[in-house]
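No experiment lies behind these values; they were computed from the predicted model shown.
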Amino acid sequence: MSNETFQKVVNNYLLSRGYESIPQNFTSYNLEEYLTLLRIDQETTTVESPFSYNFAEISPASYTESYQSTKEWVLTAKKRFRKEMILFLYPLWVHCYLELIHRGYIKEAKKIFDMEKDYYMDTYKEDLQQLEKINSLEDIQKTELAQNFVNGKYQVRVSNLSFQIFNNFLLESDYMFLTNFLNQFIDVRHTDINNDELELFDSKKKSNSNKKLLNQKSETNTLDDVDDVDDENSFFLTSQEETDIFTEEKIPEKILEPIDSSIENTSLPSISFYTFFQHQSEINTFNITSDSKYILSGFGDSSVRLWDLFGELENQSQSKGGEKEIIKTKKKNDIKNKNDKEFQIHNKVKIENKHPYKCFYGHRGPVYSCCFSQDNKYFLTSSIDSTVRLWNSNKKECEMVFVGHNYPVWDVKFSRVGYYFVSGSFDHTARLWSTFRNYPLRVFVGHFSDVDCVDFHPNCNYVATGSSDKTARIFDIQTSRSVRIFFHEEFKKHGTISAINFSPNGKLLATGTQTGWLSVWDIGQGKAITQTQAHTKSITSLEFDKTSSMIASGSLESKIKIWNPNNTENLCLGEFQTNGIPTYKVKWNNKGILCGIGAV
């Protein structure tokens, strides 16, 4: 391209942006000068990400000191957590060693290697023999094992609680470069199975972590199914394999048998339904804790109220506005099956002005969404004022305000890890946040209208969004790209996606619309398993049970329905009438009881 052509392109662009003439303060460059500036800008610019860290600020001695401190802490932890957290030590040690060599600190790298090689020799003898030969950046590039660590992800399977404890220690100790290694180079597979029952990998059987990768790297980021691999020989995940989140974890059959045999299509849940009277025109959103102790509600007057169902809140404030009615059902025979007559939920207990609550003020407009953290100590709220706020439920104060959206924020959801959350807004975007930063870490773009509902995948690597453009999408957190898009074939029949939820096993995605359509999608294949007119009015809430064998749906038509996502012939297992009370939230608690919340 000649300089004249380049200048013509620039002028045409300025005209397209509304400039009738070149501005006086506009500096013009010829093509060669512009490319030179561009190269300089690329060399000096770094991309901010939630997993990036400036290693140049870390002294070489800090690697050894931080690793040793972490190792000592892990070895003195309780036994049930120690045998899981110890799995993090080897990959973190290797990355400290490789990072020191990469930065040119060969002496310090050999020091940390010699200090720990005897500890790992019996288990990783073949690996250490390769690592010991590395003395320069060129050796890292030539050694296959080192490239596996640098370009892949080391697999570690631990319980969610052990991971949170270990991650909290790194954050509290300010070992940010170790936290970076943990997030960027280690693939943490969470499991809720008891440590004594789950057969964690035997490190002695897997001493050679260099045998193979799960798959070769791919330039595209897809969610295609991959072949089964031998876990005994597989330690690393490349960027391509990060997308393979839908293969079932290999849990011993002896554990699965009693669970599977106890689940039948007719095993329907008990239900507790909570009704707020004289609040329908005021309340916009509800949520309830997993132990059913607290209910959170967002109001149109910009206030947030935390209701205590057991009277344990400090600084108790008695309810003054209306009464509360708790409706509970525990009989399976009360469910309306296809051939049964309608029934009314029974056993009503009215409790007037006996439930204390706390009021939280800070938003400058109606509150549209709320969500509890995993430990129920904190909660998030989003509002028409374009902000998301983090609250401390015990201190009754706002901990942080998150600013980034340009328009009202319709929904917000915590991840299972707890530190990250996602929001959806009127500005057509969803955004990833961390509770440690008040600005977004990722912006997910692709929808053509409002993002009305969001959800995190169980492994926290993906985010699902539902939009007013009548589509649902799945975004990869690492790349911010849309890797799945779901929409009905008869596009015009479906309205806004008003509810969305991942199954706990990570294989299914359920969506509900304002026109009452329920769709269950197979994420791996990207196809709909079933689509049905579930309700006559808008679906307000969806949630899978812990076994992923049932879906509960709540709607404005005053019904809660139970669905079987795996059986299209007997899709609707039953329904509960709520006495004309619209349902705004359904959620399974820790005991397997389905909780519903409504308001009139």
Side-chain angles (χ1 to χ4, degrees), residues 223 245-246 285 368-369 371 410-413 422-425 428-430 444 446-458 462-476 482-545 548-557 559-568 571-573 583-588:
L223 295 176
I245 60 179
F246 312 108
T285 181
Y368 287 115
S369 180
C371 179
W410 302 129
D411 196 17
V412 64
K413 189 70 65 68
V422 64
S423 60
S425 170
H428 304 181
T429 69
F444 304 111
H447 285 293
F448 300 100
S449 188
D450 304 26
V451 177
D452 297 290
C453 50
V454 293
D455 193 27
F456 259 100
H457 190 273
Y462 295 85
V463 167
T465 57
S467 171
S468 296
D469 64 10
K470 304 179 183 179
T471 67
R473 290 175 181 261
I474 296 179
F475 291 91
D476 186 334
S482 174
V483 292
R484 280 288 184 270
I485 180 170
F486 304 103
F487 58 91
H488 194 271
E489 294 178 357
E490 299 180 7
F491 191 78
K492 295 182 180 180
K493 286 188 177 181
H494 285 245
T496 296
I497 305 292
S498 54
I500 196 166
N501 186 242
F502 277 112
S503 62
N505 64 11
K507 295 181 178 181
L508 305 177
L509 178 70
T511 59
T513 71
Q514 287 186 351
T515 55
W517 278 83
L518 169 67
S519 301
V520 182
W521 309 87
D522 184 313
I523 303 175
Q525 297 182 4
K527 298 180 180 179
I529 297 177
T530 183
Q531 293 180 321
T532 183
Q533 182 73 50
H535 297 272
T536 58
K537 294 184 180 180
S538 176
I539 296 177
T540 55
S541 181
L542 289 172
E543 184 158 313
F544 282 88
D545 72 332
S548 303
S549 61
M550 289 186 289
I551 305 174
S553 63
S555 77
L556 297 180
E557 70 169 338
K559 290 181 182 179
I560 296 177
K561 293 186 178 182
I562 310 297
W563 307 88
N564 183 353
N566 302 312
N567 189 345
T568 56
L571 185 61
C572 184
L573 300 177
T583 303
Y584 292 98
K585 182 68 178 178
V586 290
K587 186 170 183 176
W588 302 85

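- No donor-acceptor distance shorter than 3.5 angstrom exists from the side chain of D452 to the backbone of S498, with no hydrogens or angles considered.
- Using a distance-only test at 3.5 Å, with no hydrogens or angles considered, a donor-acceptor pair links the side chain of R473 to the main chain of G446.
- Contact detail for P458 and P504: the closest heavy-atom pair is CG-O, 3.5 Å.
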**Message:** Test side-chain contact (heavy atoms from CB on, under 4.5 Å) on F456 and V463; report intermediate values, then the result.
**Reply:** CA-CA 5 Å; F456 259 100; V463 167; 3.9 Å; yes
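- A donor-acceptor pair under 3.5 Å is formed between the side chain of K413 and the backbone N or O of V454.
- Taking the six-membered ring for Trp and thresholds of 30 and 60 degrees, F444 and F475 have ring planes inclined between 30 and 60 degrees apart.
- In plain terms, the two heavy atoms of T471 and F487 that are nearest each other are CG2-CB, 3.9 Å.
- S449 meets the side chain to side chain contact (heavy atoms under 4.5 Å, CB included) test with S467, S468, D469; sequence neighbours excluded.
- Between the side chain of K561 and the backbone N or O of A534, at least one donor-acceptor pair lies under 3.5 Å.
- Looking at every heavy atom in both residues, F486 comes nearest to D522 through CE2-O, 4.4 Å.
- In this structure, D411 has no salt bridge (Lys or Arg N to Asp or Glu O under 4.0 Å) partners at least two apart in sequence or on a different chain.
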**Residue pair H428, V451: steps toward the side-chain contact (heavy atoms from CB on, under 4.5 Å) verdict** = CA-CA 5 Å; H428 304 181; V451 177; 5.5 Å; no
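- Residue L518 forms a side chain to side chain contact (heavy atoms under 4.5 Å, CB included) with just one option from L571, I539, T513, and that option is I539.
- Between the side chains of W410 and S369, no donor-acceptor pair is found at a separation under 3.5 Å.
- Residues passing the ring pair (Phe, Tyr, Trp, His ring centres under 6.0 Å) test with F544: none are found, sequence neighbours excluded.
- Under the side chain to side chain contact (heavy atoms under 4.5 Å, CB included) criterion, T511 pairs with A472, I497, I500, L509, S519, W521, not counting sequence neighbours.
- Using modelled atom types, no side-chain atom of S423 and backbone atom of V412 make a donor-acceptor pair closer than 3.5 Å.
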**Item:** side-chain contact (heavy atoms from CB on, under 4.5 Å) assessment of S553 paired with H535
**Value:** CA-CA 9 Å; S553 63; H535 297 272; 2.8 Å; yes
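- The side chain to side chain contact (heavy atoms under 4.5 Å, CB included) search around T429 returns H405, D427, R431, V443, V445, not counting sequence neighbours.
- With T540 contributing its side chain and T583 its backbone, the two residues share a donor-acceptor pair below 3.5 Å.
- Residues that satisfy the side chain to side chain contact (heavy atoms under 4.5 Å, CB included) test with S541, not counting sequence neighbours, are K585, V586.
- Residues T515 and Q533 approach most closely at O-NE2, 2.7 Å, considering heavy atoms.
- Without hydrogens or angle criteria, H457 side chain to G506 main chain gives a donor-acceptor distance under 3.5 Å.
- Formation of a donor-acceptor pair under 3.5 Å by the R484 side chain with backbone atoms of I523 is found in this model.
- Scanning all heavy atoms of the two residues, the minimum distance from M550 to L573 falls at CG-CD1, 3.9 Å.
- The two residues S549 and N564 have their closest heavy-atom pair at O-OD1, 3.7 Å.
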**Request:** Evaluate the criterion side-chain contact (heavy atoms from CB on, under 4.5 Å) for residue pair F502 and L508; output intermediate values, then yes/no.
**Result:** CA-CA 6 Å; F502 277 112; L508 305 177; over 6 Å; no
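- Looking at W563 and T530, their side chains never come closer than 4.5 Å, going by heavy atoms from C-beta outward.
- Summarising the geometry, atom CG belonging to N501 is positioned 5.5 Å from atom CD belonging to E543; distances are rounded to the nearest 0.5 Å.
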